[in-house]
There are 2 protein chains.
Amino acid sequence: MVTAREVAQLCGVSVATVSRVFNRPATVSAPTRERVERVARELDFSPNESARALSRQRSAMIGLVWDTDHRRPGWRHPFLQDLLLGLKSALSSHGYHLLLLATSDDARNRTAGVSLADPIAYVGMTRRHHLAGLVLIDSGSDAEAFTAFAQSGLPCVALDVAVAGPKATYVTSDNAAGASEAVRHLAALGHERIATLTGPRGNAPATARTEGYLRGMADAGLPVRDDYVVSGDFYRGSGFVGMRRLLARKHPPTAVFAASDEMAIGALLAARAAGLRVPADLAIVGFDDIEVAALVDPALTTVAQDKAEFGTAAAGALLGMIENAAAPEPVLLPTQLIVRDSCGTPHRQASAAAPRL
Amino acid sequence: MVTAREVAQLCGVSVATVSRVFNRPATVSAPTRERVERVARELDFSPNESARALSRQRSAMIGLVWDTDHRRPGWRHPFLQDLLLGLKSALSSHGYHLLLLATSDDARNRTAGVSLADPIAYVGMTRRHHLAGLVLIDSGSDAEAFTAFAQSGLPCVALDVAVAGPKATYVTSDNAAGASEAVRHLAALGHERIATLTGPRGNAPATARTEGYLRGMADAGLPVRDDYVVSGDFYRGSGFVGMRRLLARKHPPTAVFAASDEMAIGALLAARAAGLRVPADLAIVGFDDIEVAALVDPALTTVAQDKAEFGTAAAGALLGMIENAAAPEPVLLPTQLIVRDSCGTPHRQASAAAPRL
DNA sequence: CTGAAAGCGCTTACAG
DNA sequence: CTGAAAGCGCTTACAG
């Protein structure tokens with residue numbers, strides 16, 4: 001590996017000057033700067049990142065806490081790939097790399113990675129690698145550790161979990177608005193007995209979506225029945241079970257708002273198993289707009305999250321704080337109601353040209 | 001951040017001894033070791049990673065080259081999330097972090113990230129960060145850069161692209177075997193006019209799947225017609241167009257093997273648009289077993305790749321080479337034919353208990 | 001505008 | 001088994 005010293009010698013300058021060319025080019029005279037730049041290019045020299053990080057006490061890396069631990073076997077982000085894509089693109093264009101931190105539950109093995117749910121471990125890992133900041137993806141049960149980390153003052157942005165701190169903010173969809181829009185859509189189609197399948201307790205988006213359901217019902221002037229609110233865990237199975245429970249009620253709902261597409265699909269299966277037709281006998285709206293939502297039969301009407309923007313917004317907020325800005329307001333991404341076939345529409349149109357699966 | 005010096009002072013030893021406790025504990029006397037360990041734990045000390053990397057010329061990070069560049073807008077890995085999961089889990093358990101390298105096409109901006117398709121840039125980035133190794137995900141057009149990097153002697157493992165070098169290997173599915181099994185399955189169902197929709201030229205899995213198709217036809221004693229081999233790009237659109245072309249032949253095929261599920265779905269749409277029933281009029285097999293394969297109607301028979309194992313195997317091979325082993329043989333992951341409904345089966349069974357979407 | 005020097009926080013031969 | 005010292009390759013006040 002060619003070092004600054006070699007470049008310096010070839011240029012007849014000191015390493016300090018070489019360093020300046022790479023860090024504060026304006027402080028170097030034009031002729032010297034150009035000479036150094038040329039030689040550096042010829043030798044394919046770039047400053048060593050480890051040395052640089054050590055010296056500046058700051059690296060060009062941003063950490064990502066993404067729980068892949070066996071403790072939470074079922075956990076699967078509905079759109080991680082899009083999220084990573086947006087994140088990485090935005091970060092890349094500013095010269096930052098994304099470090100997926102090794103995580104482990106093994107407390108004896110602390111050196112090997114951050115211990116999940118241990119904010120001290122996050123802080124330590126960030127400091128030891130001189131990370132410029134952290135992106136925190138909620139996995140359901142480390143929210144407390146996230147908020148604790150946020151208070152350390154190190155830059156971080158959390159996804160789908162509310163945190164606050166001198167250099168902390170978060171991005172999430174406007175879940176309440178999206179949910180209430182879905183409910184109002186159902187009401188506008190003439191439904192009055194509208195139930196909801198909620199996400200897990202303690203999960204922020206789940207809570208907001210339930211809130212949105214309640215608000216939507218109120219907006220539509222519909223009463224909320226306690227037995228129309230059944231809780232799930234975002235996954236398909238809970239949607240199936242929950243829907244079956246709802247259908248067993250004395251007055252079953254005619255429509256259901258599921259707080260995730262997976263649960264909506266579960267509900268679809270339950271309806272079918274009960275001999276009901278969707279949307280004729282039961283209207284269903286989901287949330288997320290995952291890829292399969294358009295592919296199930298009937299295609300799922302759902303509240304779409306802006307998947308690419310999730311990562312981009314997180315990167316933007318984080319980079320801002322890293323470049324010194326104070327913590328910005330939390331980012332509330334607008335959602336979009338995607339009307340497909342699972343609710344029925346006043347006027348359904350055949351789609352011959354672009355057949356749908 | 002607490003440093004080794006502070007720990008040393010509190011223990012009345014030198015920093016060298018503290019360092020040894022963390023690197024070669026066996027060389028330190030038991031009482032001293034225990035004292036240092038206790039104090040380190042109390043102070044929450046762990047060696048600074050940047051300093052360590054600089055000093056040892058080796059970090060605990062493994063780089064990942066994953067192209068998210070705008071140049072290849074459509075590129076989408078069929079199972080990146082599973083792959084990352086397997087990769088990260090395996091790496092984590094050995095104490096390695098995964099660094100998603102910033103990539104950029106902007107040659108003037110070289111400091112900011114690796115320039116795609118530039119093996120020199122990969123080598124430089126690896127050296128500057130003292131990466132322990134590199135994982136290379138093929139994105140279609142950087143295969144040359146990958147093979148070049150592999151020859152540098154730095155440890156690397158490529159996914160779905162053949163590379164060779166002193167410390168280089170790759171993992172890929174046994175695409176040929178999977179494809180030929182699919183074709184034989186079709187033949188066993190009585191089909192003789194079996195066509196194939198291939199992946200893009202120059203793509204290794206695509207080539208192997210076409211090979212497998214040819215072998216499967218030969219195994220079944222069926223002649224191969226040139227006009228039954230139409231090329232696509234793995235994406236849905238090309239499957240649609242390709243199928244439409246096949247159906248326009250004088251003697252259209254009665255079955256088709258698509259080299260990806262996306263193309264199979266495209267073929268499904270084309271068949272439907274042409275008024276054909278699947279599987280009655282046309283049998284379709286895909287490849288990959290992506291999530292939606294089970295959800296389309298009819299559910300897609302397909303050749304499943306072992307998605308989790310992809311990442312795990314890559315991590316295993318890489319870690320082996322990092323820990324000094326010579327480059328292992330390329331890993332050929334077995335595939336599995338998943339029979340669903342898109343080919344018809346001699347005896348179809350209704351699935352009342354577990355209804356399928 | 002430039003250089004000499006200290007410092008970032010470790011690791012590792014080398015002595016003892 | 002342990003310490004003093006050199007070194008990893010930069011960056012950044014501090015002088016000039």
Side-chain angles (χ1 to χ4, degrees), chain A residues 1-37 39-40 43-61 95 111 123-132, chain B residues 1-37 39-40 43-61 95 111 123-132:
Chain A
M1 203 169 53
V2 23
T3 68
R5 199 150 59 84
E6 305 176 47
V7 175
Q9 280 168 343
L10 259 109
C11 293
V13 298
S14 72
V15 291
T17 298
V18 174
S19 176
R20 283 193 195 96
V21 168
F22 280 82
N23 293 298
R24 314 140 167 281
T27 69
V28 180
S29 75
T32 309
R33 175 165 17 97
E34 279 151 22
R35 188 149 35 97
V36 171
E37 279 169 346
V39 172
L43 269 57
D44 197 41
F45 167 80
S46 288
N48 181 289
E49 298 289 348
S50 300
R52 182 178 253 211
L54 179 60
S55 181
R56 305 170 73 170
Q57 300 281 71
R58 170 94 108 75
S59 77
M61 301 187 297
T111 320
V123 172
M125 186 82 0
T126 302
R127 294 236 160 90
R128 286 200 295 280
H129 283 278
H130 297 295
L131 300 178
Chain B
M1 202 169 55
V2 22
T3 68
R5 200 150 60 85
E6 304 176 48
V7 174
Q9 279 168 346
L10 258 110
C11 292
V13 299
S14 72
V15 290
T17 298
V18 174
S19 176
R20 284 193 196 96
V21 168
F22 280 81
N23 293 298
R24 313 142 166 282
T27 69
V28 179
S29 76
T32 309
R33 178 170 11 102
E34 279 151 22
R35 187 149 35 95
V36 171
E37 279 169 346
V39 172
L43 269 59
D44 197 42
F45 167 79
S46 287
N48 181 289
E49 297 290 346
S50 300
R52 183 179 253 213
L54 179 60
S55 180
R56 305 170 73 171
Q57 300 281 70
R58 168 92 109 75
S59 77
M61 302 187 295
T111 321
V123 172
M125 185 84 359
T126 302
R127 294 236 160 90
R128 285 200 296 279
H129 283 279
H130 297 296
L131 300 178

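These numbers come from the heavy atoms of this one structure, side chains and all, not from hydrogens, waters or symmetry mates. Convention: sequence-line order gives letters A, B, ...; per-chain numbering from 1.
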Could you tell me which residues satisfy side-chain contact (heavy atoms from CB on, under 4.5 Å) with [X], sequence neighbours excluded, listed by chain and number?
X	value
B/Arg20	B/Ala16, B/Thr17, B/Thr27, B/Val28
A/Ala30	A/Arg33, A/Glu34
A/Arg5	A/Thr3, A/Gln9, A/Val15

Pair pattern of DNA chain D in dot-bracket, where unpaired bases get dots and | marks partners in another strand, Watson-Crick or G-U under 3.5 angstrom: |||.||||||||.|||
Nearest-Å distance, [atom1] ([X]) to [atom2] ([N])?
X	N	atom1	atom2	value
B/Leu43	C/dG9	CG	P	15 Å
A/Glu6	D/dG9	CD	C1'	11 Å
A/Glu49	D/dG9	CD	C1'	12 Å
A/Phe22	D/dG9	CZ	P	16 Å

What is the minimum heavy-atom distance between [X] and [Y], and which atoms define it?
X	Y	value
A/Val2	A/Asp44	CG1-O, 4.2 Å
A/Leu131	A/Ser59	CA-OG, 3.8 Å
B/Ala4	B/Phe45	N-CE1, 3.3 Å
B/Ala40	B/Phe22	CB-CZ, 3.9 Å

Shorter than 3.5 Å, N or O on both sides, protein versus nucleotides 6-8 of chain D: list them out with atom names.
from: D/dG7; atom 1: N2; to: B/Ser55; atom 2: OG; distance (Å): 3.2

Any side-chain heavy-atom pair of B/Val21 and B/Val13 under 4.5 Å: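 Not in contact.
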D/dG3 phosphate, OP1 or OP2, under 4.0 Å from B/Thr17 side-chain N/O: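 For D/dG3, OP1/OP2 do have a side-chain N/O of B/Thr17 under 4.0 Å.
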Regarding [X], tell me which of base, sugar-phosphate or nothing describes its non-hydrogen contacts under 4.0 Å with the strands shown.
X	answer
B/Thr3	sugar-phosphate
B/Ala16	base
A/Val13	sugar-phosphate

For A/Ser19, side-chain hydrogen bond (donor to acceptor under 3.5 Å, both in side chains) partners two or more places apart: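 Applying side-chain hydrogen bond (donor to acceptor under 3.5 Å, both in side chains) to A/Ser19 gives A/Asn23.
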Under the side-chain hydrogen bond (donor to acceptor under 3.5 Å, both in side chains) test, residues paired with B/Thr32 that sit two or more places apart: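 Per chain and number, B/Thr32 pairs via side-chain hydrogen bond (donor to acceptor under 3.5 Å, both in side chains) with B/Ser29.
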ring-ring contact (aromatic ring centres under 6.0 Å, His included) against A/His130, all qualifying residues, sequence neighbours excluded: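 With neighbours one apart ignored, the set is empty.
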Sub-4.0 Å heavy-atom contacts from residues 23-36 of chain B onto DNA chain D, ordered by number: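 The answer is B/Thr27, B/Val28, B/Ser29, B/Thr32.
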Under 3.5 Å donor-acceptor pair, B/Arg20 side-chain atoms to D/dG3 base atoms: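 It does, because a donor-acceptor pair links the side chain of B/Arg20 to the base of D/dG3 below 3.5 Å.
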